[in-house]
There are 2 protein chains.
Amino acid sequence: MSLREEILEVSRELLIKEGFGKMSMRRIAERADVSATSIYLYFKNKDDLLLALIEESIENLKAALMEVVDVSKGLLMQLEDMARAYISYALNHPQEYEIIYMVRPEEMPRYPKEKFMNIRSGYELLAGIISEGHAREQIDVEDALINAYTLWAQLHGVVSVILNKRLDTRIPQEQFIEQALENIIRGFVLQKSPV
Amino acid sequence: MSLREEILEVSRELLIKEGFGKMSMRRIAERADVSATSIYLYFKNKDDLLLALIEESIENLKAALMEVVDVSKGLLMQLEDMARAYISYALNHPQEYEIIYMVRPEEMPRYPKEKFMNIRSGYELLAGIISEGHAREQIDVEDALINAYTLWAQLHGVVSVILNKRLDTRIPQEQFIEQALENIIRGFVLQKSPV
DNA sequence: ATGAAAGGTTAACACTGTTAAGTAAACAGT
DNA sequence: ACTGTTTACTTAACAGTGTTAACCTTTCAT
């Protein structure tokens, strides 16, 4: 295993087990048994390293979504499955999920859009399914890509509130998720033109 | 103006004008013309100061929502107005909005739930309106509070995607917002039992 | 007048990301 | 076999961070 790969592995482990706050260059270096500056031989800076982790996380998230894709199932069912898979992944891998939304383009001007475009590719998967649903005339949406984004955004909001511990203690998490899913799917799917 | 108030004011100005990254204790102190350690006379630590700013921001956000409340308007219209007000506030005061979701309870164990409960009071406003709509039988929801949270979560997701610059460059922001609003409101409002 | 409290200060600790300069081993060309 | 260069790494240092301990003054109450 190359040092670059080891740094990535150690970083990810540190991130997951100890949290983002503990993921410092020196700590990573220590666990990889090299000096802190060696990291800079393989990553331009911490954001660059973070970005590599983000890309891995996006891949994992995408893989988790892909797993539940089942074209035989019909659009509505498929969307719900994906939405549930999205939420499950986020709640089961909180740190991995959260770094995806942690690094900002404006805070790392050295990395222009291209990298973030790549990151966005997760949306394409969703857009593809929506498009397919449209083609099969199960749904009537103006623009599959926009709807993929709104769906994604809504799901992100739901998991974000939970992960940020902003959910009222009076509300059971399960019930919140079910209600949110119901609202989101309904709001999306009823674009189906009345046949 | 007390030093405590001045620290808050300077912090807010620094946060808004220079961004969260530039808001360091020493910089705040410099602008308030005191030593950095003086801040600790009025705030236990940086998170405590941040929490005070968050509370102010929540108040501002709530005030912005209150402004558009118009009970003569009917539930659907009112919800849409509030949703738009929420998005507008977030986009027009990005730094103020973002710190609301920045500090985490688990990262500041010294502040237990009580403070965050207070922060949550913004949701109550929304829940109130939904309850009222329910009372007037304009809507049939099982639990107004849960629905207030799901609505809030979805709105947060929408602004979050925009503020985090995760929106695909192919998608015009305006169009994204309109589509999201449409989906969110529809998903929520069609719980109205068919009369 | 004396003691205590209020409201500040300076110095220091243990961190952080990052850069510059240096070293030691491996390799290539003549 | 002796060069010169590249590769992979290190140490030392800079400038910054949040935070604590210890120390001054000034104000105030008894």
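Numbered from 1 within each chain, the chains take letters A, B, ... in sequence-line order.
- Protein atom CG of A:Leu50 is 13 Å distant from nucleotide atom C1' of C:dG17, rounded to whole Å.
- At C:dG7, none of the side-chain N or O atoms of B:Tyr42 fall inside 4.0 Å of OP1 or OP2 (strictly under the cut-off).
- Going from atom CZ of A:Phe20 over to atom CG of A:Leu14 covers 11.0 Å, rounded to the nearest 0.5 Å.
- The closest side-chain donor-acceptor pair between A:Gln179 and A:Asn183 falls under 3.5 angstrom.
- Under the 4.0 Å criterion applied to side-chain N and carboxylate O atoms, A:Arg26 and A:Glu30 are not assigned as salt-bridge partners.
- Counting heavy atoms of neighbouring residues, nucleotides and ligands inside a 6.0 Å radius, atom CD of A:Glu9 does not exceed 12 of them.
- Whole-Å rounding puts the A:Asp47 CG to C:dT16 P distance at 16 Å.
- Qualifying ring pair (Phe, Tyr, Trp, His ring centres under 6.0 Å) partners for A:Tyr89, counting only residues two or more places apart in sequence or in other chains: A:His93.
- Heavy-atom distances under 4.0 Å link DNA chain C to B:Arg26, B:Val34, B:Ser35, B:Thr37, B:Ser38, B:Leu41 of residues 19-41 of chain B, given in residue order.
- Between A:Leu49 atom CG and C:dT18 atom P the separation is 10 Å, expressed in whole Å.
- Taking atom CD on B:Glu6 and atom P on C:dG7, their separation rounds to 15 Å, with Å as the unit.
- Residues A:Leu49 and A:Ile16 fall into different hydrophobic clusters, defined by Ile, Leu, Val, Met, Phe, Trp and Tyr side chains chained together at heavy-atom separations under 4.5 Å.
- Taking atom CZ on A:Phe43 and atom C1' on C:dG17, their separation rounds to 15 Å, with Å as the unit.
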